[in-house]
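Note that the numbering runs from 1 along the sequence shown for the chain.
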Amino acid sequence: MPNPFPLSAKPSMHGFTLMEMIVVIAIIGILASFVMVRLNEARRSARAVKARAEVNQIRKAVSMLETDTGEWPGHQTIDDVQSGAGGNEIWDLNVPGAGLVVTDGAFLRWRGPYMTVIPLDPWGNAYFFDTDYDVDPGAGQTWAAVVGSFGLNGIGPNVYDSDNIYEILVS
């Protein structure tokens, strides 16, 4: 039987070597890790954008409550700002005393509901209302009435850190 591969001719090589496959898989893995990092950053950013939009919507509801009744959640008024006192916060804006979803009956001229429900923020925490929120904790005490979220880390209440998302009603 004659030799199918004479010495002068080399067999045809089809396919990839093991080393080529390893290099390709490594490159795909590196690219996939970059994509995952960017995807996680986009998700984090989207949650912050959603929280800002919801805080803005709640701030508008609080403003409508104030226009109708002259009061903020918890029957507080503009005179309560800059007090620095504890116990003036509303940690659950769905309660009747907040006056945004339902009323406790003590808000005169209440024309709500101003929102059907106050959602949890994108990290699963309740939004809050505070008349003595320190909006610039590094520069001393700058009190303001705010609606806010404790942000990604969820640390609160009365912890003023950089990931909190809030809107000022009045300072």
Side-chain angles (χ1 to χ4, degrees), residues 32-171:
S33 68
F34 285 130
V35 168
M36 292 305 292
V37 167
R38 294 293 182 198
L39 181 61
N40 287 335
E41 288 174 5
R43 285 182 183 150
R44 192 174 309 122
S45 176
R47 285 182 178 150
V49 168
K50 181 179 181 186
R52 282 188 196 93
E54 289 175 345
V55 164
N56 183 272
Q57 184 179 7
I58 297 166
R59 182 196 50 81
K60 289 175 182 177
V62 170
S63 294
M64 289 188 296
L65 173 69
E66 181 188 19
T67 298
D68 290 349
T69 68
E71 296 178 324
W72 287 330
H75 301 285
Q76 299 174 79
T77 66
I78 195 168
D79 297 330
D80 297 319
V81 176
Q82 301 178 352
S83 66
N88 57 331
E89 302 88 356
I90 307 293
W91 303 120
D92 181 1
L93 294 172
N94 285 298
V95 300
L100 298 176
V101 178
V102 295
T103 181
D104 60 4
F107 287 100
L108 299 176
R109 298 176 308 282
W110 188 82
R111 293 186 180 96
Y114 301 97
M115 291 183 72
T116 56
V117 67
I118 308 296
L120 295 177
D121 72 10
W123 302 280
N125 303 305
Y127 289 102
F128 65 88
F129 174 78
D130 189 357
T131 60
D132 66 345
Y133 186 88
D134 190 355
V135 296
D136 193 8
Q141 294 176 328
T142 308
W143 304 114
V146 303
V147 172
S149 160
F150 294 124
L152 171 65
N153 69 13
I155 296 175
N158 292 322
V159 176
Y160 312 109
D161 58 14
S162 63
D163 80 328
N164 289 4
I165 296 169
Y166 60 87
E167 283 209 17
I168 299 174
L169 280 97
V170 67
S171 59

Study note, to complete from the structure: Nearest heavy-atom contact between Leu65 and Ala98 is CD2-O, 3.4 Å
Check your understanding: So which heavy atom on Leu108 is nearest to which on Thr69, and how close?
Key -> O-CG2, 3.1 Å
Practice item. Find the distance between OG1 (Thr131) and CD1 (Ile90) and round it off to the nearest 0.5 Å. Key: 9.0 Å
**Study point:** Euclidean distance, Phe128 CZ relative to Glu89 CD, rounded to 0.5 Å
**Key:** 9.0 Å
Point to revise | Euclidean distance, Leu93 CG relative to Ile58 CD1, rounded to 0.5 Å | key: 6.0 Å
Check your understanding: Can you list every pair that meets salt bridge (Lys or Arg N to Asp or Glu O under 4.0 Å) and has a residue in residues 104-117, with sequence neighbours left out?
Key -> Asp68-Arg111
Revision key, fill the gap. Residues at least two apart in sequence or cross-chain that pass side-chain contact (heavy atoms from CB on, under 4.5 Å) with Asp163, listed by chain then number, are Leu152, Asn153, Asp161
Review point. So, for Ile165 and Val55, which heavy atoms are closest and what is the spacing to 0.1 Å?
Key: O-CG2, 4.1 Å
Exercise for review: Just grab all the side-chain hydrogen bond (donor to acceptor under 3.5 Å, both in side chains) pairs involving residues 119-129, residues at least two apart or on different chains.
Suggested key: Glu54-Tyr127, Asp121-Ser149
Check your understanding: Among pairs that include at least one residue of residues 36-73, which meet ring pair (Phe, Tyr, Trp, His ring centres under 6.0 Å), considering only residues two or more places apart or in two chains?
Key -> Trp72-Phe129
Point to revise | Pairs involving residues 56-65, ordered by first then second residue, that meet salt bridge (Lys or Arg N to Asp or Glu O under 4.0 Å) (sequence neighbours left out) | key: Arg59-Glu167
Exercise for review: Mind jotting down which residue pairs meet the salt bridge (Lys or Arg N to Asp or Glu O under 4.0 Å) criterion with at least one end in residues 33-46? Sequence neighbours excluded, please.
Suggested key: Arg38-Glu41
**Study point:** Those residues that, when tested against Leu120, pass side-chain contact (heavy atoms from CB on, under 4.5 Å) (two or more places apart)
**Key:** Ala126
Revision key, fill the gap. With sequence neighbours left out, the residues meeting ring pair (Phe, Tyr, Trp, His ring centres under 6.0 Å) with Tyr166 are Tyr133
Practice item. Output yes when a side-chain donor or acceptor of Thr67 lies under 3.5 Å from a complementary backbone atom of Ser63, and no otherwise. Key: yes
Review point. Got a donor-acceptor contact below 3.5 angstrom from the Asn94 side chain to the Ile118 backbone?
Key: yes
Check your understanding: Under the ring pair (Phe, Tyr, Trp, His ring centres under 6.0 Å) test, which residues partner Tyr114, sequence neighbours left out?
Key -> Trp110
Point to revise | Pairs involving residues 48-70, ordered by first then second residue, that meet ring pair (Phe, Tyr, Trp, His ring centres under 6.0 Å) (sequence neighbours left out) | key: none
